[in-house]
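Structure first, commentary second.
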Amino acid sequence: MRTTVGIIGAGPAGLLLARLLHNAGIDSVVLESRDRAYVERRQRAGILEQGTVDVLREAGAGERMDREGLRHDGIELRFDRRRHRVDFPALTGGRSVMVYAQTEVCKDLIALRIEEGGPLLFETEALAVEGADTDRPRVRFRREGVEDVLECDYVVGCDGFWGVARSAVPDGRTFERTYPFSWLGILADVAPSHDELVYARHDRGFALLSMRSPSVSRLYLQVPADTDADDWSDERIWDELERRFETDDDWTLRRGPVTQKSVTPMRSYVHEPMRHGRLFLAGDAAHIVPPTGAKGLNLAVGDVVTFARALAHRTATGSDDLLDAYSATCLRRVWQAERFSYDMTTLLHTAPDATPFEDRLQLARLDRIASSRAAETDLAEAYTGFPIG
Ligand code: FAS
Ligand code: PHB
């Protein structure tokens with residue numbers, strides 16, 4: 001098999017990259033180790049930044065998002081029984097975010113890939129990237145028990161944190177922090193109890209109210225790092241959420257049947273560089289953020305837009321300058337998202353070993369955001385997204 005760009009992974013990074021390259025007239029092959037149902041069902045991100053929404057629309061992949069997505073002009077911060085709304089358009093010159101789940105983005109991109117007839121090989125596991133430092137890199141893969149090789153001009157590792165591509169970058173430097181807590185996430189068949197997302201800081205721990213549609217709620221609870229989701233009954237989850245969302249007014253949390261429950265560890269991670277020869281890393285293959293800032297999926301989008309632009313530039317001009325700048329260009333945006341995600345996580349979560357002084361600092365930081373346009377603007381600009389490229 002032979003192609004211009006070998007893409008490992010059919011998550012949002014790999015699927016969007018295939019679409020962007022197709023629109024630029026560049027052929028690619030996508031290799032995905034799991035089956036289509038797994039990719040389309042994997043509950044993960046829920047918030048698309050303004051930049052991601054614009055990219056999906058320009059790529060011809062935004063039609064259902066515009067029909068079914070929920071545009072949000074703000075979020076609510078809740079602390080010390082207080083409620084403070086952050087007004088995105090007022091603070092960012094008109095930017096907002098879209099509530100449209102990663103599962104739906106992947107379904108839309110898979111449907112487009114099949115419609116355009118580009119090779120998208122499910123249940124096909126990449127085993128290794130070879131010859132990255134030559135002009136003929138190869139991906140060795142296994143499909144239906146048979147090993148084969150994909151000859152490429154370029155390979156892009158979109159294979160997530162546990163993929164194989166990153167290991168083909170020699171002498172990389174990693175920067176990481178793991179947090180002493182996780183998120184217990186649920187899907188519930190009940191209308192969201194608020195029309196926008198609610199991020200709550202409480203002495204008992206963080207809680208987040210999000211949503212998937214007017215009739216499906218998505219909620220998260222901070223839990224100890226080694227939590228087993230089976231230890232949490234539906235009733236225990238709703239009771240704990242209710243306590244952490246408490247307010248001084250008559251706001252109430254609606255309950256309903258929990259249809260999905262899972263625990264997500266919290267980690268910050270960056271691998272530098274994001275390139276070695278003809279191998280490029282994109283998305284979770286190169287970096288991880290704690291989901292508090294809703295950045296993970298959106299960072300993956302920025303990486304693949306940067307690569308697609310750089311390769312289209314080389315195809316048009318013969319110049320490698322944008323490809324040579326890929327890693328530095330992506331990492332500048334990555335580190336801004338890492339800073340924001342770290343800030344939001346330490347602002348809202350109660351660390352098990354937090355001292356009373358640190359608790360008061362958190363409340364002072366939140367009070368500052370609620371009373372200073374400058375502090376509020378920093379949050380609104382970061383949450384609605386950093387410019388791509
Ligand atoms: P992905 O991990 O999504 O996709 C990688 C793909 O590569 C997978 O389909 C995998 O099967 C495939 N693959 C791996 N190894 C392979 C191999 N050897 N050969 C072939 N294929 C291979 N982000 C947010 O913004 N908000 C959230 O709420 C949020 N929640 C999350 C919850 C969880 C449990 C996790 C793990 C992450 C969450 N994230 C969230 C982050 C998440 O959305 C990622 O940022 C996003 O999926 C990144 O997309 P990709 O880089 O495409 O990687
Ligand atoms: C989600 O809806 O899954 C979601 C929203 C915002 C976050 C994290 C997750 O910060």
Side-chain angles (χ1 to χ4, degrees), residues 6-18 30-36 38-49 52 70 72 75 97-103 105-106 109-110 120-129 139-143 150 156-168 182-187 192 196-199 206 208-213 216-220 229 260 262-267 269 281-304 337 340-341 344-345 348 383 385:
I7 299 172
I8 307 175
L15 290 168
L16 178 57
L17 177 57
V30 182
L31 307 177
E32 165 56 50
S33 54
R34 309 297 290 263
D35 64 18
R36 176 174 178 179
Y38 170 87
V39 173
E40 294 189 342
R41 210 179 28 227
R42 203 180 187 200
Q43 266 305 328
R44 301 179 92 184
I47 300 296
L48 307 182
E49 293 172 0
T52 297
L70 304 169
H72 279 202
I75 57 171
V97 294
M98 180 79 82
V99 176
Y100 190 66
Q102 174 170 323
T103 49
V105 174
C106 288
L109 290 167
I110 289 170
L120 167 50
L121 307 181
F122 289 106
E123 298 179 276
T124 302
E125 182 183 10
L127 304 173
V129 177
V139 180
R140 203 151 38 79
F141 65 89
R142 182 186 299 119
R143 180 176 171 75
L150 175 64
V156 184
C158 299
D159 47 350
F161 186 70
W162 305 105
V164 294
R166 191 169 62 243
S167 60
S182 294
W183 276 13
L184 169 62
I186 64 168
L187 275 180
E196 292 176 331
L197 271 62
V198 179
Y199 287 79
F206 168 81
L208 169 60
L209 178 151
S210 185
M211 56 200 75
R212 289 291 177 267
S213 74
V216 177
S217 291
R218 175 74 164 153
L219 298 117
Y220 297 93
Q260 205 251 16
S262 62
V263 174
T264 302
M266 305 283 276
R267 175 190 292 118
Y269 177 94
L281 302 179
D284 279 18
H287 42 71
I288 297 283
V289 284
T292 327
K295 291 292 142 213
L297 167 60
N298 296 291
L299 274 183
V301 168
D303 294 346
V304 296
F340 174 66
S341 303
M344 279 287 272
T345 301
L348 294 162
Y383 196 94

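We count ligands from 1, going down the list as the structure has it; atoms in each ligand are counted the same way.
Regarding atom 3 (O) of ligand 2, its nearest protein heavy-atom neighbour is Tyr220 OH, 2.6 Å. The nearest protein atom to atom 6 (C) of ligand 2, hydrogens excluded, is given as Tyr199 OH, 3.3 Å; this is a heavy-atom distance. Scanning all protein heavy atoms for the shortest distance to atom 5 (C) of ligand 2 gives Ile47 CG1, 3.4 Å. In terms of protein heavy atoms, atom 2 (O) of ligand 2 is closest to Ser210 OG, 2.7 Å.
The proximity of Thr264 to ligand 1, defined as any non-hydrogen pair under 4.0 Å, is limited to the side chain. Counting heavy atoms closer than 4.0 Å to ligand 2, residue Ala294 contributes atoms from both its backbone and its side chain. Contacts with ligand 2 closer than 4.0 Å are made by no heavy atom of Tyr100, backbone or side chain. The part of Thr292 lying near ligand 2 is the backbone, judged by heavy-atom distances below 4.0 Å.
Of all atoms in ligand 2, listed by their number and element, those nearer than 4.0 Å to a heavy atom of Arg44 are 3 (O). Proximity to Ile8 (heavy-atom distance under 4.0 Å) selects the following atoms of ligand 1: 19 (N), 20 (C). Atoms of ligand 1 found under 4.0 Å from any heavy atom of Gly163 (numbered from 1 in listed order, with element): 15 (N). For ligand 1, the atoms closer than 4.0 angstrom to any heavy atom of Gly283 are 51 (O). Near Cys158, meaning under 4.0 Å from one of its heavy atoms, ligand 1 places the atoms 5 (C), 6 (C), 7 (O). Heavy-atom proximity to Thr124, at under 4.0 Å, picks out these atoms of ligand 1: 20 (C). The atoms of ligand 1 that sit less than 4.0 Å from any heavy atom of Tyr220 are 28 (O).
For ligand 1, one of its N or O atoms has an N or O atom of Ala126 under 3.5 Å away. For Gln43, no nitrogen or oxygen atom sits less than 3.5 Å from a nitrogen or oxygen atom of ligand 1, counting backbone and side chain alike.
Atom CZ of Arg36 has more than 12 neighbouring heavy atoms from other residues, nucleotides or ligands inside a 6.0 Å radius.
Screening Leu31, Val39, Val30 for a side-chain contact (heavy atoms from CB on, under 4.5 Å) with Leu120, the sole residue that qualifies is Val30. The only option from Val105, Val301, Val97 that meets the side-chain contact (heavy atoms from CB on, under 4.5 Å) definition with Leu48 turns out to be Val105.
Around atom 8 (C) of ligand 2, the closest heavy atom drawn from Ala101, Pro291, Gly46, Gly293 belongs to Pro291. Counting only non-hydrogen atoms, the option in Gly11, Ser33, Ser341 that gets closest to atom 20 (C) of ligand 1 is Ser33. Closest heavy-atom approach to atom 30 (N) of ligand 1 within the set Lys295, Arg44, Arg42: this belongs to Arg44.
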Residue pair Thr124, Arg143: steps toward the side-chain hydrogen bond (donor to acceptor under 3.5 Å, both in side chains) verdict: CA-CA 5 Å; Thr124 302; Arg143 180 176 171 75; 2.6 Å; yes
